[in-house]
Amino acid sequence: MTGPPPAAILSRWAREQARLKGGVVREDTEEWQKEPSFAGLQRVGGVDLSYIKGDDSRACASLVVLSYPGLEVLYEDCRMVAVSAPYVAGFLAFREVPFLVEAVQRLQQEEPGLKPQVLLVDGNGLLHHRGFGVACHLGVLTDLPCIGVAKNLLQVDGLARDELHREQIRSLQREGDTFPLTGTSGSVLGMALRSCNSSKPLYISVGHRVSLETAVRLVQSCCRYRIPEPIRQADIRSREYIRKQMCSPVKVPSSGPERAPCPRLGKVTGDLICFRRP
DNA sequence: GCGACAG
DNA sequence: ATCTTGTCGC
Ligand SMILES: [Mg+2]
């Protein structure tokens, strides 16, 4: 899995996105979504993957479920996974979504009572080159309501990180302030949101089974800090999982060819060793 | 043709 | 995404 995918693969992926896009529901479908304070909403999920610096094959996928409105962690699932696709802007889902679907299925299997009523996804939904970002992709594959939450603007359909955009950002004065992200086509693809007094906005878009207005309102209500708590917890916990793994004692086989799990360590045999950052 | 480009 | 501790500021 080295280098960019051939054009034939990207073409196949784009066709897959076009096919699945038909399943996206961009309206509210749940009763709690219509309530002023989301009465009836009890569990909000967050997903994310963390990667290892020099390792392009392993990552930690995490799914957390938080109580609502308390935002306390009710469930955590962190798992090392073998990444098979490189990151390509516009095709993030083909890198991350398989592991997220697995995590949702594990949750369904092991703790069905904790299944989240909505999932906040680290990335975009409709705010995407072909209108089918990772939040739509995960939503359609799991049929769970999903919201796309991006930390940076994906430049698509005329949207750019230009001076006009920076000026619009400056116009967001108070927490909760927003401005629409309108594509050349004239349709609103998403919303920039000022969360928790951060001058850097979040980019919210519809994933599945939720309206843009509800998506913005819910994300806003899940923010203790700039990043909404479900995604922040998934991010923190997946990163921590990797860190602990790298620092945990490892048994090196004393028999067979002498080989160090980490090249930097040089020759190692026998006893327990402990990995540390370089 | 060139540059931009979620994580 | 990742490399990175403490530190300056509200
Ligand atoms: Mg992330």
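All values below come from the heavy atoms of this structure, side chains included, with hydrogens, waters and symmetry mates left out. A, B, ... follow the sequence lines: proteins, then strands. Residue 1 opens every chain.
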For A:Gly90, which contact category applies under a 4.0 Å heavy-atom criterion: base, sugar-phosphate, or nothing? base
Would you mind classifying the nucleic acid contact of A:Phe91 as base, sugar-phosphate or nothing, using non-hydrogen atoms under 4.0 angstrom? base
Please check the phosphate of B:dA6 (OP1 and OP2 only) for any side-chain N or O of A:Lys151 closer than 4.0 Å. no
Please work out if A:Val156 contacts a base, only the sugar-phosphate, or nothing of the nucleic acid, heavy-atom cut-off 4.0 Å. nothing
For the residue pair A:Arg58 and A:Tyr51, would you count it as a cation-pi contact if the rule is NZ or CZ under 6.0 angstrom from the ring centre and within 45 degrees of the ring axis? no
For a quick check of understanding: with a heavy-atom distance under 4.0 Å over all strands, which category does A:Asn152 fall into, base, sugar-phosphate or nothing? sugar-phosphate
Any side-chain N or O of A:Arg239 under 4.0 Å from OP1/OP2 of C:dT2? yes
Would you kindly give the CG-to-P distance between A:Asp55 and C:dA1, to the nearest whole Å? 17 Å
In this structure, how many angstroms lie between the C1' atom of C:dC10 and the OH atom of A:Tyr225, rounded? 15 Å
Can you check the A:Leu189 CG to B:dC5 P distance for me, whole Å? 17 Å
Are any of A:Arg58's side-chain N or O atoms less than 4.0 Å away from OP1 or OP2 of C:dA1? no
Could you state the atom-to-atom distance from CG of A:Leu100 to C1' of C:dA1 in whole Å? 14 Å
Output the rounded distance in Å from CZ (A:Arg95) to C1' (B:dA6). 12 Å
Using a strict threshold of under 4.0 Å (side-chain N to carboxylate O), is an ion pair present between A:Arg239 and A:Asp48? no
Whether A:Arg217 engages the ring of A:Phe38 as a cation-pi pair (distance to the six-membered ring centre under 6.0 angstrom, angle to the ring normal within 45°) should be assessed. yes
When you get a sec, tell me which of B:dG7, B:dC5, C:dC3 is the closest nucleotide to the side chain of A:Lys53? C:dC3
Quick one: does A:Arg43's side chain get under 4.5 Å of A:Val118's, heavy atoms only? no
Using the ring-ring contact (aromatic ring centres under 6.0 Å, His included) rule, take A:Phe91 and A:His128 through it: C-alpha gap first, then chi angles, then the decisive distance, then the call. CA-CA 10 Å; A:Phe91 299 95; A:His128 179 270; 7.2 Å; no
On the nucleotide B:dC5, are OP1 or OP2 found under 4.0 Å from the side-chain N or O atoms that A:Arg161 carries? yes
Report yes if at least one side-chain N or O of A:Gln155 is closer than 4.0 Å to OP1 or OP2 of B:dA4; otherwise report no. no
According to a strict under-4.0 Å criterion, is A:Tyr203 in side-chain N/O contact with OP1 or OP2 of B:dA6? no
Distance-only donor-acceptor check, side chains A:Ser221 and A:Tyr68, under 3.5 Å: yes
Let me know the distance between CD1 of A:Ile227 and C1' of B:dA6, rounded to the nearest Å. 12 Å
Please answer whether C:dA1 and A:Tyr87 are stacked, defined here as ring centres separated by less than 5.5 Å and planes angled under 30°. no
Among B:dC5, B:dA6, C:dA1, find the nucleotide with the atom closest to the side chain of A:Leu92. B:dA6
Check the distance between C:dA1's P and A:Asp56's CG and give it to me in whole angstrom. 17 Å
Rounded to the nearest angstrom, tell me the gap between atom CD1 in A:Ile231 and atom P in B:dA6. 16 Å
